[in-house]
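Every chain is numbered from 1, with letters handed out A, B, ... down the list of sequences.
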Amino acid sequence: MSSPCPTKPKAITMPRYNPADVEPKWQRYWEQNETFKAPEMPEGEKLYVLDMFPYPSGEGLHVGHPEGYTATDITCRFERMRGKSVLHPMGFDAFGLPAEEYAIKTNTPPRISTEKNIATFTRQLKMLGFSYDWSRVLATTDVDYFRWTQWIFTVLFDTWFDHDQQKGRPISELPIPDEVRAEGDTAIRHFQDDHRLAFQSDALVNWCPKLGTVLANEEVIDGKSERGGYPVERRPLRQWMLRITEYAGRLEQDLEGLDWSDSIKRMQREWIGRSSGAEVDFFIGAQSSATDSDRASTAFESWKSDRATSGFPRKPGDDVLRIYTTRPDTLFGATYMVIAPEHPFVDRLTVADQKSAVKSYCEQAAAKSDLDRTELAKDKTGVFTGSYAINPVNGEEVPIWVADYVLISYGTGAIMAVPAHDTRDFEFAQHFNIPVIAVVDPGELEDVDRAAVLAGTECCTEQGTAVNSGDYNGLTTAAFKQKIGNDLATQGTGKRATNYKLRDWLFSRQRFWGEPFPILHELDDAGNPTGMIRAVDPEDLPVDLPHLDDYKPHGKPEPPLGKSPDEWLYPVIDGKRYKRETNTMPQWAGSCWYYLRFIDPKNGTAFVDREKERAWMPVDLYIGGAEHAVLHLLYSRFWHKVLFDRGYVSTAEPFQRLVNQGMILGEPQYHITPAVFEANKDVLDKLKLNTLRVESEDKVTYILKNGSGDASTDLSEDQTEKRQGQFYLAGTEIPLTTRADKMSKSRGNVVNPDDIVRQHGADSLRLYEMFMGAFEATKPWSKSGVDGVWKFLNRAWRIIVDENAEELALHASVQEVAATDEQLRVLHKTIKAVTKDIETLGFNTAISRLMEFVNFFTSQSVRPKAVMEQFVLLLSPFAPHLGEELWELLGHGTTLAYEPWPVCDESYLVESTIEIPVQVLGKLRGKVQVAPDISKEDLIAAAKADDKVQPWLEGKTIIKEIVVPGRLVNFVVKEPAN
RNA sequence: GCCAGAGUGGCGGAAUUGGCAGACGCGCUGGAUUCAAAAUCCAGUGGCCGCAAGGUCGUGUGGGUUCAAGUCCCACCUCUGGUACCA
């Protein structure tokens with residue numbers, strides 16, 4: 001491939017396209033002229049275009065980053081030229097585990113290494129010529145920034161969720177029940193603390209000893225930490241939680257109005273996991289006399305009549321086991337109950353004989369990590385408590401079991417088991433020989449053995465018609481659900497209920513590199529915590545991180561901030577001594593609201609100015625990777641809704657349109673299987689080929705390489721051959737598979753953007769990433785693809801610049817003359833297509849159209865200057881440096897960034913004749929040239945008259961003539977009847 | 001297992017949402033230029049049959065609807081994401 005720096009010294013510098021000169025020149029120009037500085041308030045129509053800001057890792061920018069950033073940059077440059085007021089900022093998400101791990105690895109304080117990484121990222125981003133308003137840059141680690149992150153936390157702390165209004169309100173407006181008020185101030189404060197959106201809890205949490213911190217459910221995948229893949233165990237620890245579950249309903253509902261892809265919406269919906277059913281109370285009040293069924297049934301009857309008058313209580317008493325079910329229509333089929341091992345009733349419900357069995361089962365379950373629980377899912381385990389509950393619909397006694405397939409954190413932590421119609425219950429019942437009673441007749445269905453289902457030997461979860469269900473027999477599942485919902489409510493034994501899979505957000509981490517909580521724990525005179533907490537006053541924010549000599553994790557749950565100097569750790573306010581909260585916030589905190597700060601990044605009195613917020617929000621286009629589909633996007637929507645409820649922001653949702661860029665994979669590589677590798681070691685040796693062993697998800701393959709170590713390269717195409725659809729190593733019988741994988745060091749397929757810019761320039765990198773394929777599709781990298789767009793930029797350069805001149809000068813063909821009709825048609829076709837494609841993010845096809853334009857004008861000996869100017873404007877969002885350089889050369893003194901975008905004049909598109917394909921029986925047989933406005937009849941006549949078509953019509957009867965105006969003609973014919 | 005999305009030349013990928021399959025790019029072949037090469041320019045390039053004109057087959061597999069299917073329907077195969085006891 002040619003290089004922008006010729007190897008041979010030249011006598012005269014020919015004005016070749018040299019991005020190494022052109023690109024820094026224009027980057028300097030934009031910076032010095034503040035070309036892309038956004039106004040404080042939008043002027044005219046506003047457009048807020050946001051990239052998911054990067055995590056500045058020590059590795060530097062990855063080729064995946066510029067993909068989304070180029071897409072937004074093209075959109076912004078395009079819309080500025082169309083006159084919109086564009087806000088397009090960039091920043092850094094710099095707190096969190098990876099940065100801290102990197103700091104530890106390189107033995108640098110996190111702040112220092114973070115600043116270094118940010119500097120590298122900034123250099124790389126600027127090198128790519130993105131039109132960010134750099135005056136708004138921020139990092140979540142800036143003290144000025146996290147001051148407001150802490151402030152938002154105090155808002156969460158000050159908010160409770162009013163279920164009636166479905167809205168977050170100030171804690172001062174929380175109604176205090178009289179009985180609480182009667183107990184005094186301390187009780188009131190505890191009551192308030194129990195209702196705050198930010199609260200402390202002692203629940204079981206995911207503790208990762210290797211990372212030295214707890215993790216949110218979302219950060220644990222298959223029982224291992226999302227970052228690092230380390231084992232995670234369950235431990236009870238006092239932690240800060242955010243009540244995101246209160247917003248589950250709104251987070252789900254409000255998805256509807258968003259312009260997001262269906263798949264992301266679906267992922268969020270599934271994560272929130274709404275289900276509706278009923279809560280039902282099973283009577284257990286007569287425990288002591290469970291063996292005496294007479295007394296039990298008397299107690300049950302009196303409980304039932306009490307309930308009929310008192311109704312279904314908000315909180316279940318000790319005399320009932322409350323369960324949640326989505327199938328209340330199967331109540332008659334409940335043959336046993338299950339409570340989670342962590343259920344508070346376990347002890348009470350366990351009879352003396354079963355005590356030791358239950359105890360050891362629960363201990364075992366507690367020791368199991370989530371991973372173990374999942375892995376053992378195939379075999380259901382459990383143990384009988386020895387006691388029974390009474391089914392409210394038929395008074396039957398139902399045995400109560402403890403089993404870990406029931407989760408304490410979902411629903412009520414207890415279920416009624418209906419083995420006939422629930423797969424998990426069925427497996428359990430089979431294993432423990434528990435009766436199976438069918439209560440739903442599925443009818444005749446494919447893949448369902450109706451007789452087996454009714455006999456209780458097969459499980460069926462389909463809906464159907466009720467059987468074995470007393471008065472309800474014959475009802476359809478839907479009607480049954482409806483009726484029993486009402487009946488349970490009148491009897492006071494149950495009520496309709498909605499549940500969500502979403503859990504509250506575990507918000508504290510035991511690491512150093514995060515935002516300190518703006519929370520103070522009151523101490524008594526002896527220095528012990530009183531249990532009273534308060535938020536730091538807004539005017540005392542920020543709470544900066546103290547200097548610590550040793551901030552490394554030590555595998556124990558005490559946060560490093562616990563070792564802070566006393567003057568930081570023990571503030572005294574109004575004579576009262578406090579201890580600061582020593583947990584820090586998770587990485588997600590800073591990214592929850594950065595889009596708001598960009599609107600007003602320097603504001604020292606508010607997190608964002610209200611007027612500015614109203615003017616710029618919501619984000620009109622938000623682009624980033626799909627890996628944030630649930631976590632970041634759910635968290636920030638939650639924070640935004642709280643801020644909205646409290647009146648601090650004006651929109652219910654932050655990101656109106658979301659688009660996910662597809663992942664860029666490494667260049668395809670040739671693999672062989674372990675068996676082939678073992679059998680052909682000598683052949684590979686002879687050919688001087690090396691292999692790279694890679695393991696992924698317990699599959700092992702070998703990647704073939706030329707050379708070894710860092711100098712190794714992947715096999716080239718001509719080292720392979722394809723025979724009968726199978727690739728072989730050239731000249732051998734060694735079968736190869738070709739695969740493109742995620743870029744990773746271990747596969748040796750990582751592409752560094754710096755290298756591409758050095759070889760071909762930023763414009764080529766940008767253009768290539770946009771040309772690779774559809775924006776949202778996953779696509780493999782290709783070295784020769786970059787060469788291709790580099791050649792295109794050179795061709796574009798050469799239709800305007802005279803490469804053979806001694807000085808930079810216009811090509812002789814570029815003249816101030818009127819364009820021909822054909823030239824205008826090509827230009828306006830290009831304008832139309834490129835405009836439409838940018839609007840729909842179809843960048844790859846837009847570039848194709850620009851290539852066609854250049855191909856056409858390469859063959860034109862006269863290139864009207866006005867046409868070239870329009871072309872340069874069309875090209876400029878994609879290759880902005882080249883665009884500016886050519887624009888200047890065409891005689892313009894200032895940037896093209898605000899030149900009006902070319903407008904397509906349809907009248908130039910009209911062609912004097914068009915080509916219409918003619919089919920006979922759906923097969924293409926000829927083409928006719930006709931006037932665009934030809935009548936149907938004339939078109940048919942022309943088609944019939946065509947030389948190529950005639951033989952196919954000869955001797956046949958035309959039974960139908962199909963004409964699609966402007967598109968095609970099709971004759972349906974048949975052999976004449978003899 | 002379940003839920004999405006995808007499967008088109010040697011390769012990356014296009015195809016007014018049912019209307020000329022393979023735009024554009026890479027690669028390859030031939031030619032021009034060159035002492036030669038690189039670069040550049042021009043032409044060609046899905047398979048098969050044919051000297052050609054042309055024919056014929058062709059969008060993962062098998063069926064179907066239609067004048068017409070890459071596109072719609074049914075069944076299946078493969079890959080990529082998501083999810084995994086949520087009652």
task = Using a cut-off of strictly less than 4.0 Å, decide whether A:Arg798 has a side-chain nitrogen or oxygen near OP1 or OP2 of B:A39.
result = no
query = Of all the choices, B:C20, B:G25, B:U80, which nucleotide is nearest to the side chain of A:Gln919 once you look at every atom?
reply = B:C20
ask   = Please, what dot-bracket string fits RNA chain B when only Watson-Crick and G-U pairs with both distances under 3.5 Å count, crossing ones use [ ] and pairs to another strand use |?
value = (((((((..(((......[....)))((((((.......))))))((((....))))..(((((..]....))))))))))))....
query = Of all heavy-atom pairs between A:Ala942 and A:Val930, which one has the smallest distance, and what is that distance?
reply = CB-CG1, 4.2 Å
request  = With P as the reference atom in both, quote the distance from B:C41 to B:G60 in angstrom, rounded to an integer.
outcome  = 35 Å
task = Give a yes or no on whether a salt bridge exists between A:Lys836 and A:Glu839, defined as a side-chain N under 4.0 angstrom from a carboxylate O.
result = no
query = Looking for any heavy atom pair under 4.0 Å, which part of the strands does A:Lys779 touch: base, sugar-phosphate only, or nothing?
reply = sugar-phosphate
query = Quick one: A:Phe792 CZ to B:C26 P, roughly how many Å, whole number?
reply = 11 Å
key: Between B:C28 and B:A4 - C1' atom distance, rounded Å   = 39 Å
query = So, is A:Asn970 close to the B:U66 phosphate, meaning a side-chain N or O under 4.0 Å from OP1 or OP2?
reply = no
key: Interatomic distance, A:Ile264 CD1 vs B:G5 P [rounded to whole Å]   = 13 Å
task = Taking only Lys NZ, Arg NE, NH1 and NH2, and the carboxylate oxygens of Asp or Glu, determine whether A:Asp741 and A:Arg739 approach each other closer than 4.0 Å.
result = yes
remark   = Between A:Thr325 and A:Gly773, the residue closer to the 5' end of RNA chain B by nearest nucleotide is A:Gly773
inquiry  = Counting the atoms with a prime plus P, OP1 and OP2 as sugar-phosphate, which does A:Trp781 contact under 4.0 Å by heavy atoms, base, sugar-phosphate, or nothing?
reply    = nothing
message = Of the listed nucleotides (B:C67, B:U40, B:A15), which one gets closest to any side-chain atom of A:Ile962?
response = B:C67
inquiry  = Side chain of A:Asn844 only, heavy atoms from C-beta on: which candidate in B:G25, B:G13, B:C41 is closest?
reply    = B:G13
note = Tested for side chain to side chain contact (heavy atoms under 4.5 Å, CB included) against A:Ile847, the lone hit among A:Leu767, A:Asp837, A:Val834 is A:Leu767
task = Verify whether one side chain among A:Arg503 and A:Ser409 offers a donor that lies under 3.5 Å from an acceptor in the other.
result = yes
remark   = Sorted by position of nearest nucleotide on RNA chain B, 5' first, the leading residue of A:Thr778 and A:Leu968 is A:Thr778
inquiry  = Measuring from the side chain of A:Lys960 (C-beta onward, heavy atoms only), which nucleotide among B:C85, B:G13, B:C67 has the closest atom?
reply    = B:C67
request  = May I ask you to say what A:Asn855 touches in the nucleic acid, namely base, sugar-phosphate or nothing, with a heavy-atom cut-off under 4.0 Å?
outcome  = sugar-phosphate
key: Salt bridge A:Lys829-A:Glu911, side-chain N to carboxylate O under 4.0 Å   = no
remark   = Of the candidates B:U16, B:G81, B:G54, the side chain of A:Lys742 sits closest to B:G81
query = What nucleic acid atoms does A:Glu915 come within less than 4.0 Å of, heavy atoms only: base, sugar-phosphate, or nothing?
reply = base
key: Whole-angstrom distance between B:U78 and B:A39, as gauged at atom P   = 44 Å
message = Between A:Arg16 and A:Asn794, is there a side-chain donor-acceptor contact under 3.5 Å, judged purely by atom types and distance?
response = no
request  = Among B:C41, B:A23, B:U40, find the nucleotide with the atom closest to the side chain of A:Arg795.
outcome  = B:C41
request  = Could you tell me the separation between the CH2 atom of A:Trp790 and the C1' atom of B:U40, rounded to a whole number of Å?
outcome  = 14 Å
ask   = Taking atom P in both B:U71 and B:U16, what distance in whole Å separates the two?
value = 13 Å
query = Is A:Pro780 touching bases, backbone alone, or none of the nucleic acid, heavy atoms closer than 4.0 Å?
reply = sugar-phosphate
ask   = Quantified in whole Å, what is the P atom distance between nucleotide B:A84 and nucleotide B:C48?
value = 50 Å
task = Taking only the side-chain heavy atoms of A:Arg849 (C-beta and beyond), determine which of B:A23, B:C85, B:C24 contains the nearest atom.
result = B:A23
key: Identified ring-ring contact (aromatic ring centres under 6.0 Å, His included) counterpart of A:Tyr768 within the set A:Trp781, A:Phe878, A:Phe843   = A:Trp781
ask   = Under the rule syn = chi within 90° of 0, otherwise anti, which is B:G9?
value = syn
inquiry  = Distance check needed: B:A23 C1' versus A:Lys832 NZ, whole Å only.
reply    = 17 Å
query = Side chain of A:Met851: nearest nucleotide among B:A23, B:G25, B:C67?
reply = B:G25
task = Can you tell me the distance, in whole Å, between the CZ atom of A:Arg967 and the P atom of B:G19?
result = 7 Å
ask   = Given B:G54, B:C24, B:C20, which nucleotide is nearest the side-chain atoms of A:Lys948?
value = B:G54
key: Salt-bridge criterion met for A:Glu667 and A:Lys783 (N-O under 4.0 Å)   = no
task = Determine: side-chain N/O of A:Lys791 to OP1/OP2 of B:C41, distance under 4.0 Å, yes or no.
result = no
Heavy-atom pair with the smallest gap, counting every atom of A:Val973 and A:Lys956 = CB-CB, 3.9 Å
inquiry  = Which nucleotide wins on minimum distance to the side chain of A:Ser263, given the candidates B:C67, B:C24, B:A4?
reply    = B:A4
key: Rounded distance in Å - CZ (A:Phe428) to P (B:A87)   = 18 Å
query = Which ones in residues 271-278 of chain A lie close to RNA chain B, meaning a heavy atom under 4.0 Å from one of its atoms?
reply = A:Trp271, A:Ser275
ask   = Roughly how far apart, to the nearest Å, are B:G81 and B:U66 at atom P?
value = 40 Å
query = Do NZ/NE/NH1/NH2 and the carboxylate oxygens of A:Glu67 and A:Lys779 come within less than 4.0 Å?
reply = yes
ask   = Using a cut-off of less than 4.0 Å, is there contact between a side-chain N or O of A:Arg266 and OP1 or OP2 of B:G82?
value = no
task = For B:U17 versus B:A68, give the span between their C1' atoms, rounded off to a whole number of Å.
result = 15 Å
query = Starting at CG of A:Asp262 and ending at P of B:A6, how long is that distance when rounded to a whole Å?
reply = 12 Å
query = Looking only at atom types and distance, does a side-chain atom of A:Tyr336 sit under 3.5 Å from a main-chain N or O of A:Asp425, one as donor and one as acceptor?
reply = yes
ask   = When all nucleic acid strands are considered with a 4.0 Å heavy-atom cut-off, which category describes A:Ala774: base, sugar-phosphate, or nothing?
value = sugar-phosphate
inquiry  = Can you confirm if the aromatic rings of A:Phe771 and A:Phe792 lie within a centre distance of less than 6.0 Å?
reply    = no
message = Aromatic contact between A:Trp401 and A:Phe432, with the criterion being ring centroids under 6.0 Å apart: yes or no?
response = yes
task = Using the P atom as the reference point in each nucleotide, state the distance between B:U56 and B:A69 in Å, no decimals.
result = 15 Å
Rounded distance (Å) that lies between atom P of B:U40 and atom CD1 of A:Ile799 = 15 Å
ask   = Quick one: is A:Lys923 getting a side-chain N or O under 4.0 Å of the B:C67 phosphate, OP1 or OP2?
value = no
inquiry  = Taking only side-chain N and O atoms of A:Arg925, does any of them lie within less than 4.0 angstrom of OP1 or OP2 on B:G55?
reply    = yes
